[in-house]
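Working notes, beginning with the structure itself.
Small disclaimer: the values here were computed from a predicted structure and weren't measured. Remember, it's 1-based here, ligands and their atoms both numbered in the order they're listed. Index from 1, following the sequence.
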Amino acid sequence: MTDLVIMAGPGDEDDGTDAAVVVDTKPKTKRPPLYKVLLLNDDYTPMEFVVAVLERFFGMSHSQAFEIMLTVHKKGVAVVGVFSHEIAETKVAQVMDFARRHQHPLQCTMEKE
Ligand code: TYC
């Protein structure tokens with residue numbers, strides 16, 4: 001990105017024979033992108049089941065889980081966490097599998113932040 005030019009050659013005076021050495025001054029490591037995990041409302045999944053999901057897979061307290069569940073119920077969707085791609089994928093798979101095993105239509109998705 002940013003270049004630093006170093007003049008390398010014998011002596012302190014610039015006699016026009018110095019070689020230019022170009023080095024990168026900025027580390028090129030980028031932070032990995034983050035993904036929002038979203039929980040979607042539906043008409044059939046019991047409220048207590050959604051609360052249990054938020055406690056189990058997102059480490060929420062009961063009151064925190066209840067609050068987020070109500071937000072999804074009223075608004076249709078809510079962000080329940082922000083993670084790396086791999087962790088977000090795992091959370092979505094865990095929720096979808098748990099809901100399927102209990103025969104609830106609960107939907108969980110992810111999107112890039
Ligand atoms: N709307 C559901 C009901 O009335 C409750 C619910 C909340 C379902 C949140 C899904 O992600 C959800 N039983």
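- Every pair tested for salt bridge (Lys or Arg N to Asp or Glu O under 4.0 Å) that includes a residue from residues 52-66 fails, sequence neighbours excluded, so the list is empty.
- Hydrophobic clustering (ILVMFWY, side-chain heavy atoms < 4.5 Å, transitive): L34 and V79 are in one cluster.
- Around ligand 1, the residues contributing at least one heavy atom under 4.0 Å from the ligand are L39, L40, N41, D42, T45, M47, V50, M69, V72, H73, L106.
- Using bins of under 30°, 30° to 60° and over 60° for the plane-to-plane angle, the ring pair F57/F98 lands in the perpendicular bin.
- Ring-centre distance between H104 and Y44: not below the 6.0 Å cut-off.
- With sequence neighbours excluded, no residue satisfies ring pair (Phe, Tyr, Trp, His ring centres under 6.0 Å) with F83.
- Residue pairs that meet the salt bridge (Lys or Arg N to Asp or Glu O under 4.0 Å) test with at least one member in residues 70-95, sequence neighbours left out, do not exist here.
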